[in-house]
Student: 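Following this message is one structure expressed as structure tokens.
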Amino acid sequence: MATELLTNIAQLTTVDAQGTVLSDAAVLIDGEAIAWIGAAADAPNADIVTDLGGRAVLPGWVDSHSHLIFAGDRSEEFVARMSGQAYAAGGIAVTTGATREASEQQLRQMVAERRAAALATGTTWMETKTGYGLSLTEEVRHAKLGRDLVDSLTFLGAHLVPAGSDADEYTDLVAGPMLEAVADQVDFVDIFCERGAFDEAQTRRVLDAAKARGLATKVHGNQLGEGPGVALAVEYGSHSVDHVNFLNEHDVEALAGSWTAWDAASRSGTPGVVATCLPACDLSTRMPFAPGAELLERGVRIALASNCNPGTSYTSNMNFCVATAVLQMNLSLEQAIEAATFGGALALGVQDRIGSLEVGKRADLHVLDAPSAAHLAYRPGMALTHAVYRAGRREL
Ligand code: NIG
């Protein structure tokens, strides 16, 4: 395989453990991996030399929370919300109805187009979830389709109790036959632990079943109010708890406690539970922003993700999520970039392979049409993605 040198990089944000940022830098790609990083003046020879024209480079975004497998439109619900109606989980049923009606080919094409749109704004690794099927055959269909189209896949059969079903019977179906049927396709099992969705006892049943099957877990928790989601995610050693808008001191303490066996300086040890913040969702539901800056101060690792879905966050643009986190959540630019790259990788358990620009890691790079990463927040909403390399290949 040919080597490619990316040179004339005005600013290279590596997101390594030391937070190294280089000026006048170059990166050598060998096959799928990064082979060398340093000053452009010291760069080794390569088969291909690409002049990036004084642009900024950072790792590709790692979007660790999305719901791309859906059909239908809920813009009316959005408009009603903007007129004062509160968000409630019931809208999930509307999307489930539309998704069940979509043919295999239609659904596959829609998901592929959404994945391509995310790539076009710098997302090189993307997680998505099932959860708009809510029956055994539909959840299996969505899991198979998702497996082909995204990088990490999560089973969210426990997204909502379908109309006409008994909540406990449905939980047993999810924790039993449904989970068994998708287990070989998925990386994570997730559950929406919230008033209006699944309660603590039901959440435990699903997490216990996942554990028994040897599957890693995630929890949607504390989105609409305080609740047991965070505590359960910590108790079960989940990779992440997502949303985290309403946290009390016990929740923060529990999350911080989960990180005591992790050494941030060397990025080694056992990771704790990542608190995944979803700023575009918070905007679109007019919820208070998740307290990402406070969590970081307390030693909790956070991720930023798009939560792309038709109900609460219809965007997959991580440039926008990062800008919002800086402008609205009081994260520094460096904190937001790390949360949207290495933080996402931690939330997906792939931090040894992706999430930062280091020799040996997969060559996932985001080239901005700007001389520094600060432009992401300085020029919010502007088209700033110039090029994207995924596993060493230029995709855009
Ligand atoms: O993450 N919170 C639960 N699930 C989605 C919303 C799904 C919907 O309303 O369609 C979320 O926000």
Side-chain angles (χ1 to χ4, degrees), residues 63-82 85-100 102 107 110-111 114 126-134 138-139 142 146 152 154-163 174 188-199 202-203 206 217-230 232-233 238 240-246 274-290 303-316 321 324 344 347:
D63 188 350
S64 61
H65 184 136
S66 81
H67 305 251
L68 299 187
I69 308 167
F70 68 86
D73 178 278
R74 282 164 56 197
S75 53
E76 280 180 20
E77 175 189 319
F78 174 77
V79 171
R81 195 156 69 234
M82 294 304 108
Q85 203 155 307
Y87 170 74
I92 294 166
V94 176
T95 299
T96 299
T99 308
R100 286 178 179 176
L107 203 51
M110 287 188 279
V111 178
R114 289 177 190 133
M126 192 156 196
E127 180 268 9
T128 211
K129 302 172 200 303
T130 71
Y132 291 119
L134 307 185
E138 277 294 299
E139 286 291 315
H142 298 188
S152 297
T154 302
F155 167 54
L156 183 60
H159 199 187
L160 187 79
V161 178
V174 170
F188 295 96
V189 175
D190 195 349
I191 177 158
F192 188 13
C193 178
E194 196 84 45
R195 206 167 305 137
F198 294 86
D199 66 17
Q202 292 155 352
T203 301
V206 172
T217 60
K218 292 177 167 291
V219 176
H220 274 62
N222 304 58
Q223 176 184 8
L224 306 175
E226 285 188 20
V230 166
L232 288 170
S238 298
S240 68
V241 57
D242 301 39
H243 284 286
V244 294
N245 300 83
F246 294 91
V274 175
T276 301
C277 305
L278 307 166
C281 172
D282 302 343
L283 269 186
S284 178
T285 50
R286 292 191 171 154
M287 282 286 162
F289 284 95
L304 285 176
S306 73
N307 190 18
C308 181
N309 78 79
T312 61
S313 186
Y314 204 164
T315 179
S316 62
C321 296
T324 304

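Numbering of ligands and ligand atoms starts at 1, following listing order.
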Student: With distance as the sole test, does E77 use its side chain to make a donor-acceptor pair with the main-chain N or O of G91 at under 3.5 Å?
Tutor: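 No.
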
Student: For atom 2 (N) of ligand 1, which protein heavy atom lies nearest, and how many Å away is it?
Tutor: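 For this ligand atom, the closest protein heavy atom is Q223 OE1, 2.8 Å.
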
Student: Name the closest protein heavy atom to atom 11 (C) of ligand 1, giving the residue it belongs to and the distance to 0.1 Å.
Tutor: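 Protein heavy atom at minimum distance: N307 ND2, 3.3 Å.
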
Student: What residue and heavy atom of the protein are closest to atom 4 (N) of ligand 1, and at what distance?
Tutor: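 The answer is H159 NE2, 2.7 Å.
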
Student: With R100, which residues qualify under side chain to side chain donor-acceptor pair (under 3.5 Å), at least two apart?
Tutor: none

Student: Using a 4.0 Å cutoff against the non-hydrogen atoms of Y132, which atoms of ligand 1 qualify?
Tutor: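 In order of number, 7 (C), 8 (C), 10 (O).
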
Student: For atom 9 (O) of ligand 1, what is the nearest protein heavy atom, given as residue, atom name and distance?
Tutor: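 The protein heavy atom lying closest is Y87 OH, 2.5 Å.
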
Student: So for ligand 1, is T95 a polar contact partner (N or O within less than 3.5 Å, distance only)?
Tutor: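 Looking only at distances, the answer is no, because the N/O contact criterion of under 3.5 Å is not met.
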
Student: Using a strict cut-off of 4.0 Å, indicate which atoms of ligand 1 neighbour a heavy atom of H65.
Tutor: 1 (O)

Student: Any donor-acceptor pair under 3.5 Å linking the side-chain atoms of E138 with those of T99?
Tutor: no

Student: Verify whether one side chain among R74 and T95 offers a donor that lies under 3.5 Å from an acceptor in the other.
Tutor: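 A donor-acceptor contact under 3.5 Å links the two side chains.
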
Student: Give a yes or no answer on whether the side chain of E127 reaches the backbone of S152 with a donor-acceptor pair at less than 3.5 Å.
Tutor: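 Not a single qualifying donor-acceptor pair exists.
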
Student: When you measure from atom 12 (O) of ligand 1 to every protein heavy atom, which one gives the shortest distance, and what is it?
Tutor: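 The closest one turns out to be T312 OG1, 2.7 Å.
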
Student: Looking just at side-chain N and O atoms, do T312 and S284 make a donor-acceptor pair shorter than 3.5 Å?
Tutor: no

Student: Identify the closest protein heavy atom to atom 1 (O) of ligand 1: which residue and atom is it, and at what distance?
Tutor: H243 NE2, 2.9 Å

Student: Is the contact between E194 and ligand 1 made by the side chain, the backbone, both, or neither, using heavy atoms and a 4.0 Å cut-off?
Tutor: neither

Student: Regarding H220 and H65, do their side chains bring together a donor and an acceptor under 3.5 Å, going by distance alone?
Tutor: yes

Student: Distance only, no hydrogens: is a donor on one side chain within 3.5 Å (strictly under) of an acceptor on the other, for H67 and N307?
Tutor: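 There is such a pair between these side chains.
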
Student: Any idea which atoms of ligand 1 are less than 4.0 Å away from a heavy-atom of I92?
Tutor: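 Under 4.0 Å from I92, ligand 1 has these atoms: 7 (C), 8 (C), 9 (O), 10 (O).
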
